[in-house]
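What follows is a single structure, written as structure tokens, with notes after it.
By convention in this document, chain letters (A, B, ...) are assigned in the order of the sequence lines, proteins followed by strands, and residues within each chain are numbered from 1.
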Number of protein chains: 2
Amino acid sequence: MGHHCTVDVQLEKLGLVPFFRQLSAEELQKVNEMFRAKHCAAGDVVYYQDEPASYLRVLVHGSVKLIQHTTEGKDILVDMLKPGEYFGSLSVLGDDHYTETAVAQSDSCILVIANREFRDILNSRPAVAVTVLDITSEKLNKAREMTRHFTTMAVEKRIAHILITLCEKFGEESKHGQLLQVPLSRKDIADMAGTSTETASRIMSRFQENGFITSGRQWVAIRDKEGLTAIMGS
Amino acid sequence: MGHHCTVDVQLEKLGLVPFFRQLSAEELQKVNEMFRAKHCAAGDVVYYQDEPASYLRVLVHGSVKLIQHTTEGKDILVDMLKPGEYFGSLSVLGDDHYTETAVAQSDSCILVIANREFRDILNSRPAVAVTVLDITSEKLNKAREMTRHFTTMAVEKRIAHILITLCEKFGEESKHGQLLQVPLSRKDIADMAGTSTETASRIMSRFQENGFITSGRQWVAIRDKEGLTAIMGS
DNA sequence: GCACTAAAATGAGCCGGATCAATCAAGTGC
DNA sequence: GCACTTGATTGATCCGGCTCATTTTAGTGC
């Protein structure tokens with residue numbers, strides 16, 4: 001089945017979405033009515049890569065990962081989303097297809113809107129459009145940074161970097177240190193770093209020996225962020 | 001020094017920029033007055049990575065490459081621009097810095113606007129904002145595709161892909177085949193593919209032997225695009 | 001608590017591509 | 001036309017990380 005959240009919670013969460021935060025209560029209400037809520041269980045596929053793309057989505061609860069499949073059979077984990085982030089398709093052009101597969105990583109609640117309707121929102125509310133643009137250019141910068149890291153840094157450094165980034169986004173204090181609030185396997189890490197599961201595993205073991213992290217099946221906690229940062233510059 | 005173009009040419013070119021194409025003649029005139037023209041000679045640096053970023057630019061004539069420098073001393077060629085494309089900073093936040101260095105690859109004419117002013121344009125003209133958003137999400141998709149290629153494909157395939165992409169963007173018919181209308185060294189190719197100059201050179205030689213390309217100092221022409229496409233799926 | 005399943009760890013061998021080093025060739029300035 | 005500079009080529013060596021194969025371990029269902 002999956003997670004369920006009430007209409008009230010939806011409205012509240014929608015108000016927290018960066019590009020809707022600036023809207024007045026009544027405007028938010030109007031926008032909210034244009035969305036349709038969908039609940040997903042962990043592991044559910046929200047949409048598949050190459051499928052015709054005509055919906056934009058906003059994650060309200062849970063976590064979603066974006067994966068690109070390659071002809072070689074390798075997967076790339078492009079992004080991991082937390083509540084408040086948008087995904088899916090922005091474009092209104094007919095022949096647009098999803099460039100990645102979206103999978104719910106844990107039970108999630110997702111708001112869906114036809115991108116034609118979303119366009120209407122953007123066209124009538126410039127401030128929203130500009131904010132969406134900001135977020136998108138930010139993501140563009142991140143994506144380019146990622147390319148840079150892939151091509152210049154050794155796998156160990158890439159993984160250190162990934163852990164730090166995840167820690168900033170998903171970390172929450174626990175007895176083990178900053179526990180990442182998201183299921184995270186060795187394969188996930190490998191797909192993010194563009195390496196093999198084995199290599200990811202080896203490096204994670206090394207990090208654990210050095211006391212940088214504590215980790216188990218599908219979970220990771222960062223103990224010593226400075227240690228990881230140090231790895232990156234050496 | 002560098003290239004010079006008249007105010008009339010500027011206005012005309014500005015009208016060709018995708019996100020201004022929809023403006024009326026008088027609006028375009030108004031927008032044009034907000035820009036300041038700058039001329040660059042081949043090799044000139046337009047701005048440096050990490051410099052505080054407060055200007056948005058539109059390339060009117062020539063070509064510009066965007067390069068990210070890394071701590072390891074390696075460079076990544078992130079994008080190559082042709083007239084009509086924007087670059088620089090979109091953000092209005094104070095602590096924003098350029099994420100890459102922009103270098104004129106040939107004599108160029110560039111229109112410059114303070115991004116605060118550009119924001120005003122966006123805020124008052126939603127259609128422009130939405131178009132800029134479209135272009136930016138397109139670039140985001142491209143950037144992610146690039147990441148995918150870097151991590152999954154062997155160097156040979158990456159270079160084949162890069163040549164095909166460049167051919168579509170810069171190729172013009174000539175006696176040698178599709179001649180790329182942009183200076184392009186082995187190092188440029190290597191920086192785009194995330195490999196060493198030596199490896200890039202070796203692969204380019206192989207392509208030349210196979211009759212896929214013809215190439216000399218700083219120039220490349222594609223003879224057999226299908227051949228290159230075939231390389232990619234094998 | 002025990003069996004079962006899927007994730008994680010570990011080992012050994014191999015190869016693509018980086019690096020270092022030297023040579024070659026195409027323009028450029030005089 | 002000749003020396004010079006800089007891009008391009010080619011060769012030899014070495015190593016990080018991939019692959020294949022095996023073992024270990026943490027959770028799950030009963």
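For the pair B:R206 CZ and D:dT9 P, the interatomic distance rounds to 13 Å; values are reported in whole Å. Straight-line distance from the CG atom of A:L184 to the C1' atom of C:dA7: 13 Å, rounded to whole Å. Put simply, CD on B:E198 is 11 Å from P on D:dT9, counting in whole angstrom units. In this structure, CD1 of A:I213 is placed 13 Å from C1' of C:dA9, rounded to the nearest angstrom. Remark: C1' of C:dA9 and CD of A:Q218 are 15 Å apart, rounded to the nearest angstrom. One can place NZ of B:K157 at 14 Å from C1' of C:dG16, the figure rounded to the nearest angstrom. Computed from coordinates, the A:K187 NZ to C:dA7 P distance equals 10 Å when rounded to whole Å. In this structure, B:D191 atom CG and C:dG17 atom P are separated by 17 Å, rounded to whole Å.
A:E72 and B:R148 are not joined by a salt bridge, as no carboxylate oxygen comes within less than 4.0 angstrom of a charged side-chain nitrogen. The pair A:E198-A:R186 fails the salt-bridge criterion, with no side-chain N (NZ, NE, NH1 or NH2) lying under 4.0 Å from an Asp/Glu carboxylate O. The residues B:K139 and B:E85 are annotated as salt-bridged, a charged nitrogen and a carboxylate oxygen being separated by less than 4.0 angstrom.
Regarding contacts with the backbone of C:dA18, a side-chain N or O of B:T195 is found under 4.0 angstrom from either OP1 or OP2. Remark: B:S201 is in phosphate contact with D:dT9, judged by side-chain N or O atoms under 4.0 Å from OP1 or OP2. When the side-chain nitrogen and oxygen atoms of B:T197 are compared with OP1 and OP2 of D:dA8, none of them lie within a distance under 4.0 Å. B:S205 has a side-chain polar atom (N or O) that falls below the 4.0 Å cut-off from OP1 or OP2 of D:dT10.
Among the heavy atoms of the strands lying under 4.0 Å from B:S196 is at least one base atom, whether or not backbone atoms are also near.
Contact of A:R202 with C:dG11 (side chain to base): a donor-acceptor pair of N or O atoms is detected under 3.5 Å.
When distances are taken from the side chain of A:A154 to each of C:dG11, D:dC18, D:dG17, the shortest belongs to D:dG17. Closest to the side chain of B:R217, from the set C:dG17, C:dA25, C:dT19, is C:dA25.
Toward the 5' end of DNA chain D, the nearer of the two residues B:S185 and A:G216, judged by each one's closest nucleotide, is B:S185. Mapped onto DNA chain D by nearest heavy atom, B:W219 and A:I203 fall at different nucleotides, with B:W219 at the one closer to the 5' end.
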Report the C-alpha separation of A:D79 and B:R144 in whole Å, then their side-chain angles, then the decisive distance to 0.1 Å, and conclude whether the salt bridge (Lys or Arg N to Asp or Glu O under 4.0 Å) test is met. CA-CA 10 Å; A:D79 205 356; B:R144 285 178 171 174; 3.3 Å; yes

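Relative orientation of the B:Y98 and B:Y47 rings is parallel, given thresholds of 30° and 60° on the angle between their planes.
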